[in-house]
Amino acid sequence: MKNVIDIDGHKAVVSLDPEIGMIRGEFLGLSGGADFYARSVDDLIVEGRKSLKVFLEMCVEKGIPPFREFSGRFNVRLAAELHEAAVLAAAAENKSLNEWVADAIEAAARAA
């Protein structure tokens with residue numbers, strides 16, 4: 001089961017908030033927070049559309065770019081043993097560590 005839904009081309013992570021007995025959605029890739037709640041999936045989509053509309057309107061009003069920009073770079077800290085194992089696995093596939101990690105992330109992201 002995937003906990004990501006698409007609302008008008010925008011991805012949101014969905015989870016259950018057991019304290020209030022509602023489904024919670026939170027948009028990904030925005031420059032700020034835009035979350036929304038409902039008791040059913042259909043209502044969650046309706047609330048998501050409302051939340052996104054309000055967020056985008058506020059961004060225009062305040063002159064803020066609505067979407068987060070990704071640089072394509074990030075640092076990963078690993079145990080030394082895992083780092084060594086990853087370097088060996090990459091070399092076995094005749095890849096740099098960066099290529100090997102990028103391929104692994106791409107495969108995992110496509111499977112999600």
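Keep in mind that what you see is a predicted model, and the values were worked out from it rather than measured.
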Enquirer: Residues in side-chain contact (heavy atoms from CB on, under 4.5 Å) with Lys50, at least two apart?
Expert: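 For Lys50 the side-chain contact (heavy atoms from CB on, under 4.5 Å) partners, ignoring immediate neighbours, are Val46, Glu47.
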Enquirer: Any side chain to side chain donor-acceptor pair (under 3.5 Å) pairs touching residues 103-112, not counting sequence neighbours?
Expert: Lys95-Asp103, Glu106-Arg110
Enquirer: State which residues pass side chain to side chain donor-acceptor pair (under 3.5 Å) with Ser96; sequence neighbours excluded, sorted by chain then number.
Expert: Glu99
Enquirer: Do Phe70 and Ile105 share a hydrophobic cluster, counting only Ile, Leu, Val, Met, Phe, Trp and Tyr and linking them when any side-chain heavy atoms are less than 4.5 Å apart?
Expert: no
Enquirer: Is there a continuous path of hydrophobic side-chain contacts, each under 4.5 Å between heavy atoms, that joins Val54 to Val60?
Expert: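 Cluster IDs for Val54 and Val60 differ.
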Enquirer: For the residue pair Asp43 and Ser40, what are the closest heavy atoms and their distance?
Expert: N-OG, 3.1 Å
Enquirer: Are any of the side-chain heavy atoms of Leu44 and Ile5 separated by less than 4.5 Å?
Expert: yes
Enquirer: With Asp17, which residues qualify under salt bridge (charged side-chain N to carboxylate O under 4.0 Å, His left out), at least two apart?
Expert: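 For Asp17, no residue satisfies salt bridge (charged side-chain N to carboxylate O under 4.0 Å, His left out) once neighbours in sequence are set aside.
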Enquirer: Excluding sequence neighbours, so at least two apart, what forms salt bridge (charged side-chain N to carboxylate O under 4.0 Å, His left out) with Glu57?
Expert: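 In terms of salt bridge (charged side-chain N to carboxylate O under 4.0 Å, His left out), with neighbours along the sequence ignored, Glu57 is linked to Lys53.
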Enquirer: Quick one: list whatever passes side-chain contact (heavy atoms from CB on, under 4.5 Å) with Glu84, sequence neighbours left out.
Expert: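 For Glu84, the residues satisfying side-chain contact (heavy atoms from CB on, under 4.5 Å) (neighbours in sequence not counted) are Leu88.
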Enquirer: Report the hydrophobic cluster partners of Ile20, with the cluster defined as I, L, V, M, F, W, Y residues connected by side-chain heavy atoms closer than 4.5 angstrom, directly or transitively.
Expert: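 Grouped by the 4.5 Å side-chain rule, Met22, Tyr37 form the rest of the cluster around Ile20.
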Enquirer: Residues in side-chain contact (heavy atoms from CB on, under 4.5 Å) with Leu56, at least two apart?
Expert: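 Here the qualifying residues are Leu52, Pro66, Phe67.
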Enquirer: Ala12 and Phe36: which non-hydrogen atoms are nearest, and at how many Å?
Expert: CB-CZ, 3.8 Å
Enquirer: Mind checking side chain to side chain donor-acceptor pair (under 3.5 Å) for Arg39 and listing every partner two or more places apart, or none if nothing turns up?
Expert: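 For Arg39 there are no side chain to side chain donor-acceptor pair (under 3.5 Å) partners, ignoring immediate neighbours.
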Enquirer: Under the side-chain contact (heavy atoms from CB on, under 4.5 Å) rule, collect the residues that match up with Ala86, sequence neighbours excluded.
Expert: Leu97, Trp100
Enquirer: Tell me the closest heavy-atom pair linking Ala34 and Leu30, and the distance in Å.
Expert: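 Heavy-atom minimum between the residues: CB-CD1, 3.6 Å.
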Enquirer: What pairs of residues pass the side chain to side chain donor-acceptor pair (under 3.5 Å) test when at least one of them lies in residues 58-76, not counting sequence neighbours?
Expert: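 Every pair satisfying side chain to side chain donor-acceptor pair (under 3.5 Å) with a residue in residues 58-76: there are none.
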Enquirer: Mind checking salt bridge (charged side-chain N to carboxylate O under 4.0 Å, His left out) for Asp42 and listing every partner two or more places apart, or none if nothing turns up?
Expert: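 None.
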Enquirer: Just how far is it from atom CD1 of Ile7 to atom OG of Ser51, taken to the nearest 0.5 Å?
Expert: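 Between Ile7 CD1 and Ser51 OG, I get 8.5 Å after rounding to 0.5 Å.
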Enquirer: What's the separation between atom CZ in Phe55 and atom CD1 in Ile64, rounded to the nearest 0.5 Å?
Expert: 7.5 Å
